[in-house]
Amino acid sequence: MIPKYKPQDIESKWQARWEADHLYEVSETSDRPKWYALTMFPYTSGDLHMGHWYAMAPSDVHARFKRMQGYNVLHPIGFDAFGLPAENAAIRRGIHPYTWTIQNVENMRPQLRSMGAMYDWSREVITCLPDYYRWTQWFFLKFHEAGLAYRANAAANWCPNCQTVLANEQVVGEGQCERCDTMVSRRDLEQWFFRITKYADELLEYAGVEWPERVKLMQRNWIGKSVGVEISFGIDGYGPGEGEIRVFTTRPDTVFGVTFLVLAPENPLVAKLTTAEHEKEVQDYVAKARSRTEIERLSTEKEKTGVFIGAYAVNKLSGEKVPIWIADYVLQTYGTGAVMGVPAHDQRDFEFAHDFGIPIKVVIAPEGWSGEEFEEAYVEPGTMVNSGQFNGPHSDQGKEAIADFMEANGLGGRTTSYRLRDWLISRQRYWGAPIPIIYCPDCGIVPVPETDLPVLLPEDAEFRPTGESPLTYHESFVNTTCPKCGGPARRETDTMDTFMCSNWYFFRYTSPGYDKGPFDPEKLAYWMPVDQYTGGAEHATMHLFYARFFNKAIRDLNLVSFDEPFTRLFNQGTIVSEHQKMSKSRGNVVNPDEYVTRLGADTVRGYLMFIGPWEQGGGWDDSGINGISRWLNRAWNLALAEATTGGQQRVDPEAENQLRRQIHKTVKKVAEDIEKFRFNTMLAALMEYTNYLTKVKERGEVGEALWGQAIDTLLLLLAPSAPHLAEELWEKNGRPYSIHNQPFPTWDEALVEEESINLVIQVNGKLRDRVAVPATISEATARELALSNKRVRAHLDGKEIKKVIYVPGRLVNIVVG
RNA sequence: GCCGAAGUGGCGGAAUAGGCAGACGCGGCAGUCUCAAAAACUGUUGGGGGGCAACUCCCGUGCCGGUUCGACUCCGGCCUUCGGCACCA
């Protein structure tokens, strides 16, 4: 009698055993090659939900596979714990952010354990604890020392009613505060930046890494490198040296076509140049523009808006006077905060000029153009016209000629512009790592000495909205003494962006208890860089980009020796529920616990892998989960069944031969699919294998030895995906503990190749018949077979055969006229 | 809007150096077991037409067009959905 498969009885048992045996704890002394398998650590926003499982279960399968392949695998876990949700929870529920966060960690730990992942829990990292953020602050000091950190003015969302700074997420609807519905405005604050733009060019390279092209492309577009020319325009009424407007353009060849200039509403020149009669209108427009989001401002869909400020610029090449406007589609943060308007050769300028009655001047002629008006901007290259001394050549040469001329005459020069801007890390919030800076009335900006770290986040701060950073009102925190002169001084009250915490958690995993630095250099040298990083596709630009910058910055501080932190990257898709990403804040989370209780973790792991390609994500729908449950049940019964022949029935050598091929084919498919994260087809192959074994058992044509080998292979192939079930069956079948210390099966390529194939026969590309033939069939035989085929002949019927196409091992296509 | 992906049966999906569309699973239908039901197991299942029948023909991968002996796959143009857009993480 075969015992029933009850995941509830076996899963917690094995989890406890593995942990007691320290099975998944790793050290640097192994003689196996190292493999660092990293999954993006979860944010402590509440309970673990299906979205977390979707990220973590398949990556655990991959890590387990690598372990069985013979690697010394580090697969750590930790918690991203600082940030806005904890502060919101604190305000809403009146609990301290620390309490709320740690409660969530306590809830998530057993949930994570219930997944049966091979995490090395001895290396857990929590970013909101002082022994961690001490080093986050230390890195800030190093960046400051190296000139990578600086202060500048930057706008923040400001709710005039709540008197507080709002995150973008807290601005809802048409730009209202999520708490009180008041229209949000922008407020300039002195804030800290990291000079990420210094690394813009290096960040465009991906030396020695295997990343998906689409992620690299997104990051390259995020950097937005564009090579062009900065051109100086004079200002009417101002003498040389008294004022100029610099614009950035990639099209210097069109400079004679400039009929207006547009400044960003925030451009400091606006106040200086606006004439008295336009002042009211300009001020109103600037105020309106500042309340709009960048996404709204840059939309090419909406109607163009802008106002004339009353002043004129002078085109130094043509000597022409053109009006100066302001418009919200020009951003102060990109280029020079000013653009030249060439309506004939830029579609956005064309529409702007059309709407406001500005002339359109053609300077690049399309082929065959004879002076007619344009219906839309002509953005392609062409012949230079209406451009004074530069008339005649192709615009590609004109571009260079004009750039040369400008450089020679001091009117501008070649330059490179980036869409990327420096990273604003200041947050006017409580729940983050305090920025370790002191402001002294005498000495100015003074970094906190390393020996005084960590700058502890005070527990008793007022974190409800007040109008200032919460720490500002904490007197004993703010008031301190200057480390330089010993006089009274004030602390920086802003905290750091949580992306700074997540920039280096994977370094910390290599030596989590280390207290002489952020990490033990020797252990770091052993484990880093990360061999395989997996995480949500939504992190393609921000986290993954900041972490690369961080790595390069600390490399230049001689803290690490490698250029890229993550050698291989895989971004899984998003699991959606109610048409949106699953998240606590959206209230659409699905709790995995009830499924684990009812069907077992192995089933949930399998189902999440089976619903589709991991990189695509998909909607949560549990209607198919029983299929996985049933399959694991079948595998269970099969593995514990009596050997098929029992020594009585006759062993059929052909059946054994076929089974042997099936084993090797399945091993190959499973190994290759796990390697490439194609978990859905990996499981499909295992199901087919299970179905095949069921038939083999019914027929009873194979001997005990081979059958035992077939079942062992099944369990070993299942081990990464269903670790508890595989371990239990391995033990029940008398194999030595643990299955997770066994090598992954290998395959013999000769046994994978098919002996016979189905030759497809087509007429004019349409399938007419399939014939089983030996894989070694010759072309002549295949053609002959096709032409003499009964079904084919019916379709040839008197028609002329034009040609016959033969694809070896696949098909014959007969083309008739 | 911009950047990046994806659209295939009733459903999730499989198949791309261009070569059998629908693997595997869910659901449905029929059957076995049962007093009965559930569970489990077996068979069947893209749509339409013809044939008593073994069988056979036509249509079919978001939409429109193109390249090719042959297109889910390549090219051009749309539509829809999802992720990101710098203070959610």
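These numbers come from the heavy atoms of this one structure, side chains and all, not from hydrogens, waters or symmetry mates. Predicted, not measured: the structure shown is a model, and the values here were computed from it. Within every chain, numbering begins at 1; the chains are lettered A, B, ... in the order of the sequence lines, protein sequences first and strands thereafter.
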Subject >> Short side-chain N/O contact from A:S623 to OP1 or OP2 of B:G27, under 4.0 Å >> reply: no
Original post:
For the ring pair A:F566 and A:F506, is the centre-to-centre distance below 6.0 Å?
Top reply: yes
Original post:
Would you say the ring centroid of A:Y595 lies under 6.0 angstrom from that of A:W620?
Top reply: yes
Subject >> Listed nucleotide nearest any side-chain atom of A:E169, set B:C82, B:A23, B:C88 >> reply: B:C88
Original post:
B:C69 base to A:Q762 side chain: any donor-acceptor pair below 3.5 Å?
Top reply: no
Original post:
Taking the side chain of A:R791 as its heavy atoms from C-beta onward, which of B:G13, B:C87, B:U56 lies nearest to it?
Top reply: B:U56
Original post:
With a 4.0 Å cut-off, would you call A:E213 and A:K216 a salt bridge?
Top reply: yes
**OP:** Determine: side-chain N/O of A:N221 to OP1/OP2 of B:C2, distance under 4.0 Å, yes or no.
**Re:** no
**OP:** Can you tell me the pairing partner of B:G19 across any strand shown, Watson-Crick or G-U wobble, with both distances under 3.5 angstrom?
**Re:** B:C69
**OP:** Would you kindly check whether a donor in the side chain of A:Q191 faces an acceptor in the base of B:C87, or vice versa, at under 3.5 angstrom?
**Re:** yes
Original post:
Between A:N571 and B:G4, is there a side-chain N or O to OP1/OP2 distance below 4.0 Å?
Top reply: no
Original post:
With a 4.0 Å cut-off on heavy atoms, is A:L84 in touch with a base, just the backbone sugar-phosphate, or nothing at all?
Top reply: sugar-phosphate
Subject >> Closest to the A:D621 side chain, choosing from B:C88, B:C11, B:A23 >> reply: B:C11
Subject >> Proximal nucleotide (of B:C69, B:A86, B:C87) relative to the A:A156 side chain >> reply: B:C87
Original post:
Who does B:C2 pair with, Watson-Crick or G-U, both distances under 3.5 Å?
Top reply: B:G84
Subject >> Salt-bridge criterion met for A:R783 and A:E779 (N-O under 4.0 Å) >> reply: yes
Original post:
Salt bridge check: are A:K669 and A:E688 linked by an N-O gap of less than 4.0 Å?
Top reply: no
Original post:
In terms of side-chain heavy atoms of A:L424, which of B:C87, B:A14, B:C57 is nearest?
Top reply: B:C87
Subject >> Under-4.0 Å side-chain N/O to phosphate OP1/OP2 contact, A:H539 with B:G83 >> reply: no
Original post:
Taking CZ from A:F679 and P from B:G12, how many angstroms apart are they, rounded to a whole number?
Top reply: 22 Å
**OP:** Would you mind telling me which of B:A89, B:C88, B:G12 lies closest to the side-chain atoms of A:A167?
**Re:** B:C88
Original post:
Hey, which of these two, A:R429 or A:V760, hits RNA chain B nearer its 5' end, going by closest nucleotide?
Top reply: A:V760
Subject >> Distance test, side-chain N/O of A:K790 to OP1/OP2 of B:C55, below 4.0 Å >> reply: no
Subject >> B:G9: syn or anti, per glycosidic angle within 90° of 0 >> reply: syn
Original post:
Across the strands shown, which category fits A:P42 at heavy-atom distances under 4.0 angstrom: base, sugar-phosphate, nothing?
Top reply: nothing
Original post:
Of the candidate nucleotides B:C88, B:G4, B:C24, which contains the atom at the shortest distance from the side chain of A:L217?
Top reply: B:G4
Original post:
Which residue lies toward the 5' end of RNA chain B, A:V815 or A:N758, if each is placed at its nearest nucleotide?
Top reply: A:N758
Subject >> Which nucleotide in B:A21, B:C87, B:G4 has an atom nearest any side-chain atom of A:R214 >> reply: B:G4
Subject >> side-chain N/O A:R630 vs B:G25 OP1/OP2, d < 4.0 Å >> reply: no
Subject >> Check: B:C69 base within 3.5 Å donor-acceptor of A:N813 side chain >> reply: yes
**OP:** For A:M542, answer base if it contacts any base atom (sugar-phosphate contacts may also be present), sugar-phosphate if it contacts only those atoms, and nothing otherwise; contact means non-hydrogen atoms under 4.0 Å.
**Re:** base
Subject >> Nearest-neighbour nucleotide for the A:V576 side chain, B:A14, B:G83, B:A89 considered >> reply: B:G83
Subject >> Given B:C69, B:C24, B:C88, the nucleotide with the shortest approach to the side chain of A:I805 >> reply: B:C69
Original post:
Can you check whether A:R770 has a side-chain N or O nearer than 4.0 Å to OP1 or OP2 of B:C20?
Top reply: no
Original post:
Do A:R151 and A:E492 sit within salt-bridge range, that is, some charged N less than 4.0 Å from a carboxylate O?
Top reply: yes
**OP:** Kindly say if A:K766 contacts the phosphate of B:G19, meaning a side-chain N or O under 4.0 Å from OP1 or OP2.
**Re:** no
Original post:
Touch check for A:R427, heavy atoms < 4.0 angstrom, all strands: base, sugar-phosphate only, or nothing?
Top reply: base
Subject >> Centroid-centroid under 6.0 Å between A:W423 and A:F193 rings >> reply: no
